[in-house]
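Scroll down for the structure; my scribbles are underneath it.
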Amino acid sequence: MTRSQNMATELKKTGESSLAQIKAPQELVHIKHKITLLQYKYWILMLRTYRELYEDGEAFRAGEYCYLSMSAVTEALGYQPKTSEIERDLEALRVESLVRNVLEKDGQKAKEGTGFISQWKVMSTRIGVVFPDVLREAVENLDRKDSIFHLLNWNIFNSFTGKYEAVLYKLCKDYVGVGETPWIPLEKFREYMGVKPEEYADFKRLNQWVISGPVKRINASELSDIEVDWEPERKQRKVVALKFRMRPKRQTMLDLGDHPAFRFAKVKISLAQQNEYLAKADTETLEYSILRANEYAEEQEMKGEPADLHKIYRKAIEQGWGDEYRSKLQAAEAKKAKEEVRKRAEAAKAAADLERKKASEALRAKGEEALASLEPEVLQALFERWKTEASPPAVMSKNGPSSVAFRAWARKALAVGEG
DNA sequence: TTCTGAGTCGAACCCAAAGT
DNA sequence: ACTTTGGGTTCGACTCAGAA
């Protein structure tokens, strides 16, 4: 475990109420490797091919080659790679170890290692690879929650990039469903990222190395499947809290061929099934249908009823839940915007009231000061004037110049007269 | 206008891993 | 054993902009 992960676990343990929603990085499958991006691309390309063939009903036996045509490679990469380069990269994939922690049936922990591929061959028109069992099983069980690919993306990303963007990436990945993190006070953020109080003490340094820098690199990375931006909350000019927003990035390199319309799906939908759905509705409607279906499935699970997501997705897409859901969300969005406007108007009014109150207090103080500095005879003259101009009832004027009603009148007269 | 936090660029330094 | 390389850390110098 790295320091930052420890910190995150600590954060979870302390269970700070305002931050109870922040999830700690989960225990990771450790996949150690150092392959290049190009090698990774070959690997993903081959895995996609494997998936397509498998879904078409082609069962692969252990040790059987899966073939990819050279033209498909050329099309995917945008250029024709040299045979010697392909050989070199496939060999690197074979040699590179993919080690992970597994839990044996008896509960014992074990380490398991293979290559990214176990055999390869390159011919003039096609290349063939044999995948290790663990990967074949993972592709064949893509909808299983513990499928290695759920963890692989983040690990691969982790190995390609720096210290902080990996942790930040994980934080953002956890909220990709919600679309944004809650406001995170700066100290909590430092803690989560594993930054000690004396490190990057100035916000500008923290921003430079732990926020903006990593965010830039996450967004620029070909491997990242999310896009992140962030917003500071300021007290005066000081930044006191942060919020990250993120959305899934439409990317072609990392996934196993899934259409982006299904990016919110919580189980894998076969490519053939995806095509069937795509013929029924446009991308946006499909997205909303799946979001609505996710919500419905959660409600069902809350009630203790098991939800078959495949069935729910089918129902949602066939009945067009997406259209209704989209209008509902848009209405909620509009309401929120309206509420925002109302709140802002209210705040402006409160500020104006305060301003008025301050002004009137200032005026009163000024009048009071002027009144106090008057010579007794001038005060008496003013009192006489008050009696003729304001013609107050006798009971009010019997106190003479110390009468409350007179003083109020005189303050006003003096403040206006002087101002 | 001055002060100060933030944003940006770049240089220097440290350390560990990899290469020779 | 020594050198190179790369990432992380820290800092200075400068600019910008909001608040007093």
Side-chain angles (χ1 to χ4, degrees), chain A residues 1-11 25 28 30-40 85 88-89 91-99 111 113 115-116 153-172 180-181 183-224 227-246 344 347-348 350-359 361-362 365:
Chain A
M1 264 221 179
T2 65
R3 183 183 58 189
S4 52
Q5 282 157 11
N6 273 325
M7 291 300 247
T9 314
E10 275 310 305
L11 184 65
L28 303 169
H30 296 286
I31 298 165
K32 298 178 190 167
H33 59 81
K34 211 181 72 184
I35 58 176
T36 67
L37 191 52
L38 182 62
Q39 287 158 6
Y40 184 61
E85 285 171 10
R88 189 199 58 208
D89 286 333
E91 177 58 14
L93 284 170
R94 188 187 69 80
V95 170
E96 195 58 61
S97 62
L98 202 155
V99 179
K111 255 195 182 143
F116 273 57
N153 279 6
W154 130 254
N155 274 276
I156 295 236
F157 186 84
N158 192 7
S159 80
F160 275 122
T161 50
K163 179 176 164 183
Y164 294 116
E165 63 243 50
V167 185
L168 191 59
Y169 173 80
K170 188 63 182 72
L171 173 70
C172 291
E180 60 181 36
T181 66
W183 284 105
I184 309 173
L186 216 50
E187 320 84 68
K188 287 293 152 195
F189 178 73
R190 301 178 79 97
E191 220 177 291
Y192 186 91
M193 298 300 286
V195 178
K196 284 181 252 156
E198 69 271 17
E199 282 175 329
Y200 307 123
D202 283 4
F203 178 78
K204 62 178 173 183
R205 301 294 178 207
L206 189 76
N207 183 11
Q208 181 179 15
W209 299 109
V210 188
I211 306 170
S212 288
V215 163
K216 256 186 218 157
R217 285 195 291 274
I218 287 172
N219 289 336
S221 168
E222 258 191 276
L223 289 174
S224 167
E227 242 174 49
V228 183
D229 64 69
W230 65 282
E231 200 188 311
E233 184 187 309
R234 290 171 197 269
K235 232 182 207 148
Q236 310 286 39
R237 274 178 299 162
K238 246 179 139 47
V239 176
V240 293
L242 298 172
K243 175 188 279 248
F244 292 90
R245 275 182 243 290
M246 65 293 299
R344 216 169 287 159
D353 281 351
L354 190 68
E355 199 56 40
R356 261 201 300 279
K357 201 176 158 202
K358 263 189 190 163
E361 268 169 16

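Note that CG of A/L242 is 10.0 Å distant from CE of A/M193, once rounded to the nearest 0.5 Å.
A/K243 pairs by the salt bridge (Lys or Arg N to Asp or Glu O under 4.0 Å) definition with A/E180, not counting sequence neighbours. For A/R344, the side chain to side chain contact (heavy atoms under 4.5 Å, CB included) criterion is met by A/E340, not counting sequence neighbours. Scanning for side chain to side chain contact (heavy atoms under 4.5 Å, CB included) contacts around A/E233 gives A/W183, A/V240, A/A241, with sequence neighbours left out.
A/V215 has its side chain out of reach of A/Y164: every pair of non-hydrogen atoms, C-beta onward, lies at least 4.5 Å apart. Counting heavy atoms from C-beta outward, A/Y192 and A/I184 have side chains that stay 4.5 Å or more apart.
Relative ring orientation between A/F203 and A/W230 is described as tilted, the plane-to-plane angle lying within the 30° to 60° band.
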Pairs: protein N or O with nucleotides 14-17 of chain C N or O, under 3.5 Å:
none

Which atoms of nucleotides 13-16 of chain B (N or O only) lie under 3.5 Å from a protein N or O atom, and what are those distances?
none

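Of the side-chain N and O atoms in A/N207, none sit less than 4.0 angstrom from OP1 or OP2 of B/dA6. Residue A/Y200 places at least one side-chain N or O closer than 4.0 Å to OP1 or OP2 of C/dT9.
For A/W209, whose side chain is taken as the heavy atoms from C-beta onward, the closest listed nucleotide among C/dA19, B/dA6, C/dC11 is C/dC11.
Summary of helix geometry: the two end axes of the helix from B/dT1-C/dA20 to B/dT20-C/dA1, each defined by five base pairs via their C1' atoms, are inclined to each other by 10° (rounded to 10°).
The base of C/dG8 is not paired with the side chain of A/R205 by any donor and acceptor separated by under 3.5 Å.
Following rounding to the nearest Å, A/R190 (CZ) and C/dT9 (P) show an atom-to-atom distance of 12 Å. Spacing between atom CG of A/L206 and atom C1' of B/dG5 amounts to 14 Å, rounded to whole angstrom units. Across the protein-nucleic acid pair, A/I211 atom CD1 and C/dG8 atom C1' stand 17 Å apart, rounded to whole Å. Put simply, CD on A/Q236 is 18 Å from P on B/dC3, counting in whole angstrom units. Distance A/R234 CZ to C/dA19 P: 10 Å, rounded to the nearest Å.
Of the possible donor and acceptor atoms, one in the side chain of A/R190 sits under 3.5 Å from a partner among the backbone N and O of A/E199.
Nucleic acid contact class of A/D202 (heavy atoms, under 4.0 Å, all strands): none.
With respect to A/E191 and A/K188, a salt bridge is recorded, a charged nitrogen being found less than 4.0 Å from a carboxylate O. By the 4.0 Å N-to-carboxylate-O rule, A/D353 lies close enough to A/R356 to be salt-bridged with it.
Taking the nucleotide of DNA chain B with the nearest heavy atom to each of A/K238 and A/Q208, the more 5' of the two is matched to A/K238.
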Quick one, A/E91 with A/R94, criterion salt bridge (Lys or Arg N to Asp or Glu O under 4.0 Å). Give me CA distance, side-chain angles, the key distance, then yes/no. CA-CA 5 Å; A/E91 177 58 14; A/R94 188 187 69 80; 2.8 Å; yes

